[in-house]
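The structure appears right after this line, and notes come after that.
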Amino acid sequence: MFLLYLVPKNWLSRMVGWAVGRRWLFGFHLFIRDAFIRHFRVDVSEAESPLAQYPTLGSFFIRRLRSGARPIGNTALVSPVDGMLTERGTLEPRSDPVLTQVKGIGYTLRSLLGENWEADTYVGGAFLTLYLAPWNYHRIHAPAEGKVLRVSHIAGALWPVNPWSVQHIPDLFVRNDRVLVEMECAGGRALIALVGATNVGRITLSFCPELVGNSGSGIRDWKPADELRLDKGADLGCFEMGSTVVMILDAGWARRVRAEIFGSKPMPVHVGMDLAS
């Protein structure tokens, strides 16, 4: 852990992003791509295009899926990602609700959202923490049909978000670079916090390409000039390497979340999986 403090994580992540996104002599980029696929046993048959159309690991990592690979559920709220539901809970009615990072370690809602967000909107609501492992599909989708209200980039570090790090590094999600997307839907408000991580750490949005996590783009807050509506399951953005999504739901949504979602054990989820009753 001491060594993690010394490593220049943001710089290293940018270098890794550069390396996996370029073509190398003697087809080394293909070797890197294929070694990653073999090591993590990634199902390439789900990709939108043949493997040959993803010459680098970077291009393969942000691949889209073929049509029908992730059917979108019928309820109003669905999972925005493939991954593992690791933590969940209610945002108790108090001045600054606490979210669980892992048993015994918590962090506050206001520290996650930063100074310029109205956290009171979500008091009495719920949170779901979704971890994306390296082998997961890494695009993020809209969890409900609704309009985008606001986007914000909160610059930060890029600590790893693997299970060991989550268990040993306090305030991990608060320390890390993150992009917040707030939506207003028929069922209530939902805020999707896209938390960056070591290698590569870049977070991009489909509807706001000028705002990029861990890039030095300079854009911190963005609101659509005109109404911007997204269908449930629509493409929202992507992680350029693994990370975590913390989904914050207001009290209206929290009342509709399926009871089994609030179990105590990790639960695998996939894009389009029904979360509401």
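Nothing fancy with the numbering, it's 1 onward along the sequence. Fair warning: this is a prediction, and the values are worked out from it, not measured in the lab.
For R63, the salt bridge (Lys or Arg N to Asp or Glu O under 4.0 Å) test picks out no residue, with sequence neighbours left out. Every residue two or more places apart in sequence or in another chain was checked for a salt bridge (Lys or Arg N to Asp or Glu O under 4.0 Å) with R66, and none qualifies. For the side-chain contact (heavy atoms from CB on, under 4.5 Å) test, residues two or more places apart in sequence or in another chain that qualify with L113 are L109, W117, A119, L180, L191. Remark: R229 pairs with E145, E227 by the salt bridge (Lys or Arg N to Asp or Glu O under 4.0 Å) rule, at least two apart or across chains. With sequence neighbours left out, the side-chain contact (heavy atoms from CB on, under 4.5 Å) criterion links T86 to M84, T129, Y131. Applying the side-chain contact (heavy atoms from CB on, under 4.5 Å) rule to T90 yields the partners E92; only residues at least two apart in sequence or on another chain are considered. Taking D120 as the reference, R110 meet the salt bridge (Lys or Arg N to Asp or Glu O under 4.0 Å) condition, with sequence neighbours excluded.
Applying the side chain to side chain donor-acceptor pair (under 3.5 Å) rule to pairs touching residues 256-265 yields R258-E260, sequence neighbours excluded. Pairs of residues two or more places apart, or lying in two chains, never qualify as ring-ring contact (aromatic ring centres under 6.0 Å, His included) while including a residue from residues 174-197. Counting only residues at least two apart or on different chains, no side chain to side chain donor-acceptor pair (under 3.5 Å) pair has a member in residues 183-195. Within the structure, every pair that satisfies the salt bridge (charged side-chain N to carboxylate O under 4.0 Å, His left out) test and touches residues 148-172, not counting sequence neighbours, is listed here: R150-D221.
Residues L130 and W253 share a hydrophobic cluster, clusters being chains of Ile/Leu/Val/Met/Phe/Trp/Tyr side chains in contact below 4.5 Å. Residue L65 is not grouped with residue I37 when hydrophobic side chains (ILVMFWY) are merged at heavy-atom distances under 4.5 angstrom, including chains of intermediate members.
Minimum interatomic distance between V166 and I105 (heavy atoms only, all atoms of both residues): O-CD1, 4.1 Å. Minimum heavy-atom separation, L158 to G196: CD2-C, 3.7 Å. Scanning both residues, I169 and R175, for their nearest heavy atoms gives CG2-NE, 3.9 Å. Counting all heavy atoms, side chain and backbone alike, A193 lies closest to L112 at CB-CD2, 4.4 Å. Listed here is the closest heavy atom pair of S111 and R178: O-NH2, 3.0 Å.
If you take CD1 on I140 and CD1 on I203, they are separated by 7.0 Å, rounding to the nearest 0.5 Å. In this structure, the separation between CG on L236 and CG on L194 is 6.5 Å, given to the nearest 0.5 Å.
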Donor-acceptor contacts, no H, no angles, side chain residues 25-33, under 3.5 Å, sequence neighbours left out:
unit_1	atom_1	unit_2	atom_2	d
H29	ND1	W24	N	2.9
H29	ND1	W24	O	3.2
R33	NH1	L51	O	3.2
R33	NH1	Y54	O	2.9

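With a 4.5 Å cut-off on side-chain heavy atoms, F127 and L249 do not count as touching. Using a 4.5 Å heavy-atom threshold, the side chains of V148 and F207 count as touching. By the 4.5 Å heavy-atom criterion applied to side chains, K232 and L77 are not counted as neighbours. By the 4.5 Å heavy-atom criterion applied to side chains, I248 and L91 are counted as neighbours. Side-chain contact between I192 and V245 is present, with at least one heavy-atom pair separated by less than 4.5 Å.
A tilted orientation is assigned to the rings of F40 and W135, their planes being inclined by 30° to 60°. Taking the six-membered ring where tryptophan is involved, the planes of W164 and H168 are essentially parallel, since the angle between them stays under 30° and well short of 60°.
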Original post:
Under the side-chain contact (heavy atoms from CB on, under 4.5 Å) criterion, do M267 and I261 qualify, and how do the steps go?
Top reply: CA-CA 8 Å; M267 174 189 293; I261 298 298; 3.9 Å; yes
**OP:** Output, in order, the C-alpha distance, side-chain angles, deciding distance and verdict of salt bridge (charged side-chain N to carboxylate O under 4.0 Å, His left out) for D82 and R139.
**Re:** CA-CA 8 Å; D82 284 4; R139 300 198 76 85; over 6 Å; no
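Side-chain atoms of T100 do not come within 3.5 Å of backbone N or O of V102 as any donor-acceptor pair.
Test L128, T108, V246 against L99 for side chain to side chain contact (heavy atoms under 4.5 Å, CB included) and you get one pass: V246.
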